[in-house]
Amino acid sequence: LYVDETSGEATYKISLKGEYDEYDLSDVFCGVPVGSTVAINKIVKIDLTYVNKPINNINFSYSDLRDINFGNNVKSIAENGFHTCDITELIIPESITSIEERAFRCSYKLTSITIHDKIEYIGDGFLAGCSALTSVNIADNPKYVWDSENRVVIETETNTLISGFANSKIPNTIKIIGKSAFDPNR
């Protein structure tokens, strides 16, 4: 953990070592291992490039996190993994194949997200409450599309609307609305 003496902001570098083939960070709260005494709301940057084994279920919710370098070993983003973070732009690397439900829920400062074409799963409401979003790019993925005219993300196989916003319009082609698609835009 590196703390800027002037601002008090923290950068958390994770370097996992051990006998495991992969790691699961779903028990990490805000980038700080459970039981730590670090001021979790001050973490603004996380660097996972030093992690040399696969990571499942990354979770850094409820923080001032503004910048994350995923590296090449993060495999999935946990449910509510970046809930209420201060990230403004995200590029999801190809190593991540799964984004769980409400992964970026209420990340009010998120303006842009780019998702690669090999993503295998995106959960309902993964962008719910991200009211500042102006750019969603899901690169030529046959499973998921961003309908910019209606401001919704659609899972194409079942025509399910998986993420929308308060000002979204529901296209006529939609057959199912995901249970968290508009959460918290009630």
Side-chain angles (χ1 to χ4, degrees), residues 24-26 28-31 41 44 46 48 55-70 74-186:
D24 186 329
L25 293 185
S26 58
V28 173
F29 178 72
C30 206
N41 62 337
V44 295
I46 294 172
L48 296 169
I55 302 172
N56 293 313
N57 299 320
I58 191 166
N59 186 343
F60 294 103
S61 58
Y62 299 102
S63 71
D64 292 341
L65 183 64
R66 293 190 293 256
D67 187 23
I68 184 165
N69 185 339
F70 287 104
V74 175
K75 293 175 16 180
S76 62
I77 296 174
E79 182 174 335
N80 294 313
F82 291 93
H83 182 267
T84 68
C85 287
D86 287 345
I87 294 173
T88 57
E89 296 180 1
L90 266 178
I91 297 174
I92 305 297
E94 287 191 15
S95 63
I96 295 175
T97 58
S98 175
I99 301 172
E100 300 301 318
E101 288 188 8
R102 300 177 302 279
F104 302 100
R105 180 179 185 255
C106 298
S107 290
Y108 300 115
K109 295 180 181 181
L110 184 63
T111 59
S112 172
I113 185 168
T114 300
I115 301 171
H116 60 86
D117 63 343
K118 294 173 182 67
I119 195 83
E120 294 172 14
Y121 177 78
I122 300 176
D124 287 346
F126 80 108
L127 295 174
C130 296
S131 52
L133 264 176
T134 56
S135 174
V136 177
N137 181 9
I138 303 175
D140 297 326
N141 188 307
K143 293 182 181 182
Y144 302 96
V145 295
W146 164 247
D147 178 339
S148 59
E149 181 181 337
N150 294 304
R151 291 188 43 83
V152 295
V153 178
I154 301 167
E155 186 270 310
T156 57
E157 186 176 320
T158 60
N159 281 330
T160 300
L161 191 155
I162 61 169
S163 217
F165 310 94
N167 59 352
S168 293
K169 295 178 185 171
I170 299 172
N172 293 334
T173 58
I174 294 300
K175 295 182 179 168
I176 302 168
I177 297 175
K179 66 180 178 182
S180 300
F182 290 99
D183 175 36
N185 302 310
R186 301 181 202 275

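Values reported hereafter were calculated over all heavy atoms of this structure, with side chains retained and with hydrogens, waters and symmetry mates removed.
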State whether the side chain of [X] and the backbone N or O of [Y] hold a donor-acceptor pair below 3.5 Å, judged by distance alone.
X    : Y    : answer
T156 : P142 : yes
H116 : S95  : no
T114 : N137 : no
T134 : T111 : yes

Can you name the residues that form a side-chain contact (heavy atoms from CB on, under 4.5 Å) with [X], not counting sequence neighbours?
X    : answer
D67  : K45
S148 : W146
Y108 : C106, S131

Value rounded to 0.5 Å, distance of [atom1] in [X] from [atom2] in [Y]:
X    : Y    : atom1 : atom2 : result
S98  : I119 : OG    : CD1   : 6.5 Å
I115 : N141 : CD1   : CG    : 8.5 Å
N150 : L161 : CG    : CG    : 9.0 Å
I77  : T97  : CD1   : OG1   : 10.0 Å
E89  : I113 : CD    : CD1   : 11.0 Å
F70  : I92  : CZ    : CD1   : 4.5 Å

Inter- and intrachain pairs under salt bridge (Lys or Arg N to Asp or Glu O under 4.0 Å), touching residues 138-163, at least two apart: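 Salt bridge (Lys or Arg N to Asp or Glu O under 4.0 Å) check on residues 138-163 returns no pairs.
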
Within residues 116-137 or reaching into it, pairs that qualify as salt bridge (Lys or Arg N to Asp or Glu O under 4.0 Å) - sequence neighbours excluded: E94-K118

Side chain to side chain, L127 and F165, heavy atoms closer than 4.5 Å: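 Counting from C-beta outward, L127 and F165 do come under 4.5 Å.
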
side-chain contact (heavy atoms from CB on, under 4.5 Å) assessment of I87 paired with S107: CA-CA 7 Å; I87 294 173; S107 290; 6.0 Å; no

Any residue meeting side-chain hydrogen bond (donor to acceptor under 3.5 Å, both in side chains) with T160, in chain and number order, not counting sequence neighbours: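 Checked T160 against side-chain hydrogen bond (donor to acceptor under 3.5 Å, both in side chains); matches are T158.
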
Within 6.0 Å of CD1 in I176, more than 12 heavy atoms from elsewhere: yes

Passing option when I99 is tested against F82, Y121, F104, Y144 for side-chain contact (heavy atoms from CB on, under 4.5 Å): F104

CA sep, side-chain torsions, deciding dist, call: R66, K109, side-chain contact (heavy atoms from CB on, under 4.5 Å): CA-CA 9 Å; R66 293 190 293 256; K109 295 180 181 181; over 6 Å; no

Heavy-atom closest pair, residues A181 and A128: O-CB, 4.3 Å

